[in-house]
Amino acid sequence: MNPTTRRECYACGATHETTATRCDCGEPLWIATPTDGFWADWPAGGPDTIWRYRDLLAVDSPAGLAGAAGGTPLVRTPGLDRGGTRVHVKYEGANPTGSFKDRGSAVGIAAALTDGAPAVGTVSHGNMARSVAAHAASADLPAVVLVPADIPEERLAPIARYGPTVLRVEGDYGRLYDRSLELGGDLGVPFLNSDVPLRVEGQKTLAYEVCEAFAPEVPDAVVLPVSSGGNASAVWKGLRDLRAAGRIDRLPRLYLVQTATCAPVAEAFERGDRAVERIEGKGETVAYSIANADPPSGARALAAARATGGAVLSVDDDAILTAQRRLAREAGIAVEPAGATPLAALSALRERGDVEAVEDVVLVGTGTEVGGGEVDPADVETVGIASVDDRLAESLSSP
Ligand SMILES: *Cc1c(COP(=O)(O)O)cnc(C)c1O
Ligand SMILES: [Zn+2]
């Protein structure tokens, strides 16, 4: 375990001995990783979970579900190759509750247990809420989840299943992100929100795993969706750790993908700005997990894309649904719409010349669909038992 209590600011370079989540300059902090003896074993041995990197994490593995996060498959997907580009999918749907959020929740819960926190909380109505509630249940810790009042029943059920205290909040939900961190700080209840240092700490292991799988090579590009910017920050952090410790000699380019109806980070990238403007009146999108109009780590995500020579771009709903279908039909991988945005972006990246032939590109399939989904009637046929033989013979002879 890395016993440091030091946190660093990517933007101004300040380091703080603090449990605060933000630097005096306003940007989010992350936990400092040592570059010395900790890195003696690389590639690392040990369990196929995030705890394989326990020496590089701020906490030790607890018992229960938190012990199971990470170690997700990196699938080589020749069916998705085009024009010589070699495509790989890091399948985060294989985490215990179906998304990369489990990496961050596992570290957050481990810290809460170590610190003797009375409960944990989060502000989320999606994968993060589910992940925090599940990890809390497994650790026998109470959890409080703040959801917006208008959350539909089918999105609430998968969260409520784990028995957290669910508060449906009426009013300006966006305000709760910072408010919950303050209130939680006062009460000693960690809020494991999307870009807090403990969450970023756990989620950085995604980058460790990808680089370990490619060692001694480094993939040319990693493509992932961005919403709050927490995960993009985490991946960047993991890559920076590896380079600082001399385990990789260059960083893959990070391409971050947004949904066209809510793309504040992509718009700031286009404008050449360093700050991200909150979007007013965002539209509907199929990619419900990436619709943050006011991303708390937006500027850090922008910095990650720029510093690695990547970009931030957006894709529309049609492209996302097409990519979701292609991932299933050409690679056998089921993701929720947000997790399909990297493939949707890949065509644009190829056309623009950002991604070239003979490059290795990793698409992060960030989460899988839990329940729900729709079937296209054209994909299914109903047959009577008497005609099954005939229909079977027919379809097998002309599949
Ligand atoms: C949370 C989430 C994202 C966005 O990650 P951020 O850290 O908020 O940028 C993308 N895809 C899925 C499936 C998610 O659950
Ligand atoms: Zn700072």
Side-chain angles (χ1 to χ4, degrees), residues 7-16 18 20-30 72 90-95 97-105 122-132 155 158-159 177 192-197 199-204 206 223-237 254 256-259 262-266 274 276 285-305 312 315 320 324 327 333-345 363-370:
R7 296 186 175 186
E8 294 168 343
C9 174
Y10 81 94
C12 72
T15 61
H16 305 259
T18 182
T21 59
R22 298 244 154 199
C23 181
D24 301 335
C25 77
E27 281 301 289
L29 295 168
W30 55 33
T72 57
K90 180 67 171 163
Y91 184 52
E92 288 296 289
N95 278 294
T97 75
S99 79
F100 69 81
K101 299 288 196 313
D102 289 336
R103 299 175 183 272
S105 303
T122 196
V123 178
S124 162
H125 43 117
N127 291 333
M128 187 162 60
R130 213 172 55 240
S131 177
V132 169
R155 311 273 343 262
I159 300 167
Y177 192 89
L192 304 174
N193 294 353
S194 34
D195 77 335
V196 299
R199 175 166 293 287
V200 168
E201 175 79 351
Q203 290 169 197
K204 75 181 180 182
L206 201 168
V223 192
L224 69 156
V226 59
S227 183
S228 73
N231 203 42
S233 304
V235 170
W236 189 35
K237 171 74 162 63
L254 290 181
L256 310 180
V257 193
Q258 300 218 277
T259 175
C262 184
V265 188
R274 287 171 57 154
V276 173
T285 173
V286 292
Y288 44 80
S289 292
I290 51 168
N292 193 325
D294 190 15
S297 273
R300 190 163 58 174
L302 264 180
V312 190
V315 289
I320 294 171
Q324 186 186 33
L327 271 160
I333 293 175
V335 290
E336 61 163 82
T341 56
L343 180 62
L363 310 178
V364 183
T366 44
T368 190
E369 202 115 55
V370 174

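We count residues from 1, following the sequence as given. In listed order, ligands and their atoms are each counted from 1.
Residues T122 and L192 share a closest heavy-atom pair of OG1-O, 3.2 Å. Contact detail for V200 and G230: the closest heavy-atom pair is CG2-O, 3.9 Å. For the pair Y91 and T72, the tightest heavy-atom approach, listed with the atom from each and the gap, is O-CB, 3.3 Å.
Distances under 2.8 Å from the Zn ion (ligand 2) pick out the protein N/O/S atoms C9 SG, C12 SG, C23 SG, C25 SG.
Salt bridge present: D195 and R22 bring a charged side-chain N and a carboxylate O closer than 4.0 Å.
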Assess whether side-chain contact (heavy atoms from CB on, under 4.5 Å) is satisfied between V276 and L302, documenting all intermediate values.
-> CA-CA 8 Å; V276 173; L302 264 180; 3.8 Å; yes
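A distance of 9.5 Å separates SG in C262 from CG in D294, rounded to the nearest 0.5 Å.
Checked by atom type and distance alone, the side chain of E27 never pairs as donor or acceptor with a backbone atom of C12 at under 3.5 Å. Checking side-chain atoms of R103 against main-chain N and O of N95 turns up no donor-acceptor pair under 3.5 Å.
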Less than 3.5 Å apart, N/O on ligand 1 and N/O on the protein: could you list those pairs with the distances?
residue: ligand 1; atom: 7 (O); partner: S228; partner atom: OG; Å: 3.3
residue: ligand 1; atom: 7 (O); partner: G230; partner atom: N; Å: 3.4
residue: ligand 1; atom: 7 (O); partner: N231; partner atom: N; Å: 2.8
residue: ligand 1; atom: 8 (O); partner: S228; partner atom: N; Å: 3.0
residue: ligand 1; atom: 8 (O); partner: S228; partner atom: OG; Å: 2.8
residue: ligand 1; atom: 9 (O); partner: S227; partner atom: N; Å: 2.8
residue: ligand 1; atom: 9 (O); partner: S228; partner atom: N; Å: 3.2
residue: ligand 1; atom: 9 (O); partner: G229; partner atom: N; Å: 3.0
residue: ligand 1; atom: 11 (N); partner: T366; partner atom: OG1; Å: 2.8
residue: ligand 1; atom: 15 (O); partner: K101; partner atom: NZ; Å: 2.7
residue: ligand 1; atom: 15 (O); partner: N127; partner atom: ND2; Å: 2.7

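Between W30 and W236, the ring-plane angle classifies as perpendicular under the 30° and 60° cut-offs.
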